[in-house]
Amino acid sequence: MNCRSCGYQLPPEAKVCPHCGTPVAAYSADPGTVLSDPTVASYPSGPQPEASATPDPTVAAGPSSTPPYLASTGYGPDPYSPADQQNRYPPPPGSPYSYSPAPFPPPPPTPYAPPQAGSYPPFPPVGPQGPQGPQGPQRPQPARRFSIVLIVLLIILVALLIGGSGLIYYITIYNPNQLHTQATATAVVRLTGTAQAMATSTAQARAQMNATATAVAENPYTHNGTLALFDPLSDNSKGFNWAQDPTNCSFKDGTYHDNAPDPRYSDYCLANATDFNNFAFEVQMQLIKGDSGGIVFRCENTSTTNRLYAFYVGVDGSYTLNRQNGSSFPVLVNGNNAAIKQGLNQTNVVAVVAQGSTITLFVNRQQITSLTDGTYTHGQIGFIAGAFGNSSHPTEAVFSNAKVWTL
């Protein structure tokens, strides 16, 4: 049996709780019937005057009213009964109903014992009950807190958002701007380099053109005069009206051809739109077959007149200057010269300077001979090809880059 006040386990036959001193009441088999104790005086019936009981400071206060199944005993003051109903006559010493608590050590606290003053901290106040569940009232759940894993995940998410924002900024704004800047700088450098290269190329081309123009304009023979004719002889577009016919005179493969198919005759081709008096005249010549070829100057060719000077250069290194008038063509000068390149398909630069009655002959810009003859003073220029002596060979000469400087 346990004490009704403190819940302490009572010894057998105990009348008073050895732990808190509360008298032990006797109970009948019927819980609702209280057995009377012959040693306890009966209380008179009827209402009793109220009296204030002085509480024992060492005993926990009981409920404010006596339960209906508890009765007063003669073993001391009953904290659950009014003072006027308590037994004022304790049993005499030596009575079998008297009980002195044995000097037992205080028992260990039980979960059912009420806290003693100064011994245990008070129980915390009971909070509101939670909702009813299948097993009775549920305890209120503690407030959920963010776990460490969730916090770490939030930190990682924030870092990813920041990093992603930086990556998006780098990809969409910073890197394109850098690439655009680099591309612009590269383009500027390339354009600058291209412009410089073009400027250099243009300057070189101009220098070459100037050098060519200077070389073309400069008269290598008398070092004076004016360039009056410069014709590559690739076609007849320069306005000098070179003679053209199917047999003797034609433009082929970017050059001008003078052909003398009959070995008994020489054939010449004139620039019909020319008429020079004092001049220097040169041209590049190749003999591709036959014996000789050269230039004609101060030529007058009409239906009744055929007069000219003819300067021949042969494949054998010989040269001849004739003055032709109709069927008469006396030799004014002839000979051989080492400046002449011998053989077919050799390029020789043939030139003449006619100034007044003085005629000077050049091959590869080297003077061959000079003479005086004032028979013809002006006329057309042109080219000639023909048999040399009695060799009886058809002849064809090719001409290019004709130049005339007037003096």
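Values below: every heavy atom of this structure, side chains too, minus hydrogens, waters and symmetry copies.
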Chemist: For the atom pair OH (Y268) and CD1 (I295), what is the distance rounded to the nearest 0.5 Å?
Modeler: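 One finds 15.0 Å between OH of Y268 and CD1 of I295.
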Chemist: Can you check ring pair (Phe, Tyr, Trp, His ring centres under 6.0 Å) on Y256 and F399, steps first, answer last?
Modeler: CA-CA 5 Å; Y256 190 60; F399 298 90; 7.4 Å; no
Chemist: Are any side-chain N or O atoms of N236 and backbone N or O atoms of W242, one a donor and one an acceptor, separated by less than 3.5 Å?
Modeler: yes
Chemist: So, for F240 and D231, which heavy atoms are closest and what is the spacing to 0.1 Å?
Modeler: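 Scanning both residues, the minimum pair turns out to be CD1-OD2, 3.4 Å.
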Chemist: For the residue pair Y309 and Y376, is the inter-centroid distance of their aromatic rings smaller than 6.0 Å?
Modeler: yes
Chemist: Given side chains that start at C-beta, do those of H19 and Q9 come closer than 4.5 Å, heavy atoms only?
Modeler: no
Chemist: State, yes or no, whether a side-chain contact exists between T255 and L233 at a heavy-atom distance under 4.5 Å.
Modeler: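 Sidechains of L233 and T255: no contact.
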Chemist: Hey, is C20 close enough to C3 that the SGs sit under 2.5 Å?
Modeler: no
Chemist: When D275 is tested against each of R298, Q380, H378 for side-chain hydrogen bond (donor to acceptor under 3.5 Å, both in side chains), which residue passes?
Modeler: H378
Chemist: Please round to the nearest 0.5 Å and tell me the distance separating atom CG of L150 and atom CG of L154.
Modeler: 4.5 Å
Chemist: Do you know the tightest heavy-atom contact between I340 and G317?
Modeler: CD1-O, 3.3 Å
Chemist: Has the side chain of T305 got a donor or acceptor atom that lies under 3.5 Å from a matching backbone atom of T302?
Modeler: no
Chemist: Using side-chain heavy atoms (C-beta onward) and a distance below 4.5 Å, is D258 in contact with D267?
Modeler: yes
Chemist: In Å and rounded to the nearest 0.5 Å, what is the CZ to CZ distance from F281 to F362?
Modeler: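 Reported to 0.5 Å precision, the distance equals 14.5 Å.
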Chemist: In the structure I gave you, are the side-chain heavy atoms of H223 and E218 within less than 4.5 Å of one another anywhere?
Modeler: yes
Chemist: Hey, does N345 have a side-chain heavy atom less than 4.5 Å from the side chain of I288?
Modeler: yes
Chemist: For residues T406 and A228, report the shortest heavy-atom separation together with the two atoms involved.
Modeler: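 Smallest interatomic distance, heavy atoms only, reads CG2-CB, 3.6 Å.
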Chemist: Which is it for I381 and L270 under the side chain to side chain contact (heavy atoms under 4.5 Å, CB included) test, yes or no, and what are the steps along the way?
Modeler: CA-CA 6 Å; I381 62 170; L270 300 176; over 6 Å; no
Chemist: Output the distance between atom CE (M285) and atom CD (Q346), rounded to the nearest 0.5 Å.
Modeler: 11.0 Å
Chemist: Go through it in stages, so that I can follow the logic: the residues are E282 and Y221, the test is side chain to side chain donor-acceptor pair (under 3.5 Å), and I'd like the CA-CA distance, side-chain angles, deciding distance and then a yes or no.
Modeler: CA-CA 10 Å; E282 79 168 15; Y221 303 102; 2.3 Å; yes
Chemist: Grab the two heavy atoms, one from G386 and one from T395, that are nearest each other, plus how far apart they are.
Modeler: O-OG1, 3.5 Å
Chemist: Are any of the side-chain heavy atoms of V363 and V349 separated by less than 4.5 Å?
Modeler: no
Chemist: Write down the atom of P261, the atom of N248, and the distance for their closest heavy-atom approach.
Modeler: CD-ND2, 3.9 Å
Chemist: Donor-acceptor pair, distance only, cut-off 3.5 Å: does the side chain of D262 make one with the backbone of Y265?
Modeler: no
Chemist: Between T347 and Q284, is there a side-chain donor-acceptor contact under 3.5 Å, judged purely by atom types and distance?
Modeler: no
Chemist: Rounded to the nearest 0.5 Å, how far does CG of N219 lie from OG1 of T222?
Modeler: 3.5 Å
Chemist: Check N336 against Y319 and note the closest heavy-atom contact, atom names and distance.
Modeler: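 That closest heavy-atom pairing would be N-CE2, 3.5 Å.
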Chemist: Decide, yes or no, whether a salt bridge links K252 with E396 under the criterion of side-chain N to carboxylate O below 4.0 Å.
Modeler: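 Yes.
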Chemist: Without swapping roles, check the side chain of N364 against the backbone of Q366 for a donor-acceptor pair under 3.5 Å.
Modeler: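 Checking the backbone N and O of Q366 against the side chain of N364, no donor-acceptor pair under 3.5 Å is found.
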Chemist: Measure centre to centre between the rings of F276 and W405, then say whether the value is under 6.0 Å.
Modeler: no
Chemist: Do S400 and P232 have side-chain heavy atoms sitting under 4.5 Å apart?
Modeler: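 No, too far: nothing below the 4.5 Å cut-off.
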Chemist: Under 3.5 Å, is there a donor-acceptor pair between the side chain of N348 and the main chain of K341?
Modeler: yes
Chemist: CG of L321 to CZ of F311: how many Å apart, nearest 0.5 Å?
Modeler: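 The CG atom of L321 sits 7.5 Å away from the CZ atom of F311.
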Chemist: Could you list the residues that satisfy side-chain contact (heavy atoms from CB on, under 4.5 Å) with Q324, not counting sequence neighbours?
Modeler: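 Here the qualifying residues are N306, L308, F329.
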Chemist: Report all side-chain donor-acceptor pairs from residues 350-361 shorter than 3.5 Å, counting only partners two or more places apart or in another chain.
Modeler:
from, atom 1, to, atom 2, distance (Å)
T360, OG1, S370, OG, 3.2

Chemist: With distance as the sole test, does S250 use its side chain to make a donor-acceptor pair with the main-chain N or O of P246 at under 3.5 Å?
Modeler: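 Checked: no pair found.
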Chemist: Answer yes or no: is there a side-chain heavy-atom contact under 4.5 Å between L227 and L229?
Modeler: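 When only atoms from C-beta onward are counted, L229 and L227 do not touch, as no gap falls below 4.5 Å.
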Chemist: Could you check N2 against Y8 for side chain to side chain contact (heavy atoms under 4.5 Å, CB included), going step by step and ending with a plain yes or no?
Modeler: CA-CA 5 Å; N2 296 328; Y8 181 75; over 6 Å; no
Chemist: Take S318 and D316 through the side chain to side chain donor-acceptor pair (under 3.5 Å) test and state the conclusion after the steps.
Modeler: CA-CA 6 Å; S318 63; D316 58 355; 2.6 Å; yes
